[in-house]
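Structure first, then comments.
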Amino acid sequence: MKILVCIGNVPDTTTKIRFDADMKNLDTNGVQWVINPWDELALTRALEIKEQSGGKIEKVSVINVGKADAEPTIRKALAIGADDAFRIDADPIDSYFIAAQIAEIAKQENYDIIFAGKESSDFNGANVGSMIAEFMDITSVSAVTTFDLVDGNINLKREIDGGKETIIVDTPFVAIVQKGICINPRIAAMRGIMMARTKPIKVSAPVETEVLVECQTFDLPEPKAACKMIEPENTDKLVELLHGEAKVI
Amino acid sequence: MSIIVFTENRNGKLKKNSFEAVSYAAVISANTSKPVVAISVGNVDNDELSKLAKYGASKIVAVNDQKWLDHDSREYTKLIAEIAEKENADTFVFSHSNMGKAIAPRLSVRMKAGLLSGVVATPVSFNPIAVKRKTYNGGAFQLVTVKSAKSVITINPNSCSIVEKPVDVNIEAYTPQTAYNAGTKVQAADVVTGKVILTEAPIVVSGGRGLKSGDNWGQLEELATVLDAGLACSRPVSDEGWRSHEEHVGQTGKIVAPDLYIAIGISGAIQHIGGVSGSKVIVAVDKDKDAPIFKYADYGIVGDAFDVVPRLVESFKKFKNS
Ligand SMILES: Cc1cc2nc3c(=O)[nH]c(=O)nc-3n(C[C@H](O)[C@H](O)[C@H](O)COP(=O)(O)OP(=O)(O)OC[C@H]3O[C@@H](n4cnc5c(N)ncnc54)[C@H](O)[C@@H]3O)c2cc1C
Ligand SMILES: Nc1ncnc2c1ncn2[C@@H]1O[C@H](COP(=O)(O)O)[C@@H](O)[C@H]1O
């Protein structure tokens with residue numbers, strides 16, 4: 001079996017969000033780019049499963065839809081332990097487009113398990129994973145918090161309202177993962193970084209897709225009014241304000 | 001043409017997000033003259049279903065077939081597409097919930113319908129549909145326009161209001177034509193009953209590293225009980241094992257958007273705020289007057305949690321009893 005992990009290239013989570021003058025594009029000055037946090041967890045879990053599988057999982061590949069400037073992030077995924085990588089050379093402008101590209105490669109190369117993260121930390125779509133599955137007409141499982149390979153069978157847990165469900169699933173399928181899937185993301189070691197230099201990144205041109213949505217502009221949240229400070233002895237006052245002024249209790 | 005709303009239920013009761021979604025669809029309906037058709041899958045009786053009419057659903061397509069109760073997103077997508085054809089629907093409204101997030105993107109691909117996800121307000125235009133959606137973890141909003149003839153919208157929980165708009169309703173018990181042929185099989189469910197569900201709670205009480213140890217949660221639990229609130233925590237708290245991972249909120253944990261979020265001993269790191277910035281009102285208690293959380297809070301108390309929380313419990317109790 002082969003696993004394909006989708007890797008988004010996103011601004012570091014501490015980035016101060018600013019846009020250019022016409023509010024159409026992120027101001028990328030000084031932005032540090034990282035692997036999308038959930039994708040890092042997905043990759044870690046994929047590598048763990050491969051190691052436990054006794055050869056049943058032959059390889060773990062990563063895929064990114066992005067321009068050449070995403071390559072350091074892809075190299076990082078290779079340094080963490082992915083065997084090889086695909087990059088679809090295009091601006092990752094919308095989730096439908098991204099998913100169409102990934103589905104194309106996953107089909108061509110016969111991947112059995114595809115991992116995607118629950119959402120990208122910049123776009124916050126929560127779209128791509130399920131879209132890939134529909135493009136391929138295969139099963140998808142969302143909100144996956146546990147992924148185990150038991151005697152060659154795949155056992156998952158997914159989050160539902162107020163709890164969890166244990167499910168078994170047929171391959172091929174897409175697992176859309178979130179917190180819980182592994183303890184800590186794996187960090188690249190020196191040896192991994194050296195080895196990553198020679199691992200292949202296959203670059204290909206995008207396939208054509210329809211454009212279904214268009215981003216017009218961004219806008220920033222209204223600046224918040226100053227915080228009303230209340231004396232610690234005066235919690236009654238807070239309750240009064242929450243009731244009378246804020247009307248939330 | 002019509003607007004389809006996918007509703008959700010639990011134990012035979014419609015969830016609040018269903019009423020939000022129907023209200024949202026009713027706004028589109030008022031501007032486009034398309035009727036609102038609600039889909040319900042599960043064992044929900046007609047009395048309960050007819051509540052949807054109060055918010056603008058004039059037709060309800062109800063599927064109550066045991067084998068459809070396990071949620072397989074691929075099969076659900078087929079089912080909705082089948083009903084969409086029958087109802088001649090071109091607009092679809094979901095909640096941006098676990099279920100909505102699992103199905104809506106698939107439906108978008110299947111119907112070639114532009115997907116607008118995590119929407120925070122009613123459309124800014126209707127022809128074509130354009131909406132404001134949350135992005136950068138609440139650090140910005142994006143105005144997105146649909147280019148395709150059809151559209152799929154998922155709305156963020158607790159960000160769009162429930163508005164009464166009573167209409168006459170016709171409830172149709174529906175048997176799916178599509179065979180249920182799921183690639184997933186549910187083996188077991190482990191659901192805590194009676195506990196307030198964090199992502200749905202109108203009030204959330206949340207503790208951070210300032211509480212020093214998992215043993216110090218008694219007062220927070222009491223506060224949550226008094227307020228009927230969900231309990232949450234910052235990431236280090238769950239990483240340390242002081243509280244369960246289910247309670248971790250923030251960018252990498254759960255996203256919550258209650259009416260009232262009470263943060264106790266939480267410094268207000270950007271990744272934490274990313275998961276709570278949709279809250280209507282934030283109250284912060286922290287002993288450091290310069291803690292960043294006060295930049296995001298509406299009401300703040302600078303003080304020691306071990307001193308302030310018991311007072312809060314007393315004040316809220318007094319309020320409840322008055
Ligand atoms: C990729 C990434 C993702 C992350 N995702 C998340 C996430 O989803 N959620 C999240 O929460 N964090 C997340 N973090 C971690 C985040 O950066 C912070 O480290 C974390 O939120 C801090 O938690 P805290 O506020 O509980 O602790 P601290 O920052 O240590 O703050 C403790 C606060 O308690 C106050 N305090 C101490 N004693 C008392 C007392 N007796 N009474 C009152 N106040 C007191 C202190 O003044 C301080 O302000 C993420 C980090 C990264 C890098
Ligand atoms: N440009 C991209 N290249 C590869 N994978 C991506 C890309 N964008 C998003 N993804 C994957 O899709 C998931 C959900 O992203 P989104 O739908 O944008 O919130 C991410 O966690 C990634 O796994």
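Within every chain, numbering begins at 1; the chains are lettered A, B, ... in the order of the sequence lines, protein sequences first and strands thereafter.
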Original post:
Which distance, rounded to the nearest 0.5 Å, do you find between the CG of N137(B) and the CD1 of I17(A)?
Top reply: 8.0 Å

Of the backbone (N, CA, C, O) and the side chain (C-beta and beyond), which part of [X] lies under 4.5 Å from a heavy atom of chain A, both, or neither?
| X | value |
| --- | --- |
| E200(B) | side chain |
| K295(B) | backbone |
| H71(B) | both |
| V196(B) | neither |
| T145(B) | both |
| I197(B) | side chain |
| R10(B) | side chain |

Original post:
Is a salt bridge present between R74(B) and D137(A), judged by a nitrogen-to-oxygen distance below 4.0 Å?
Top reply: yes

Subject >> Side chains of N124(A) and T135(B), donor plus acceptor under 3.5 Å >> reply: no

Subject >> Member of E159(A), K118(A), Q178(A) meeting the side-chain hydrogen bond (donor to acceptor under 3.5 Å, both in side chains) criterion with N98(B) >> reply: E159(A)

Original post:
Quick one: does D190(B)'s side chain get under 4.5 Å of K157(A)'s, heavy atoms only?
Top reply: no

Original post:
Is there side-chain contact between Y136(B) and L26(A), with at least one heavy-atom pair below 4.5 Å?
Top reply: yes

Original post:
Of the listed residues (V146(B), V308(B), L115(B)), which shares the most heavy-atom pairs with chain A below a 4.5 Å separation?
Top reply: L115(B)

**OP:** Start with the C-alpha gap between K164(A) and E246(B), add the side-chain angles, then the distance that decides, and say whether side chain to side chain contact (heavy atoms under 4.5 Å, CB included) holds.
**Re:** CA-CA 10 Å; K164(A) 283 197 173 131; E246(B) 327 276 293; 3.1 Å; yes

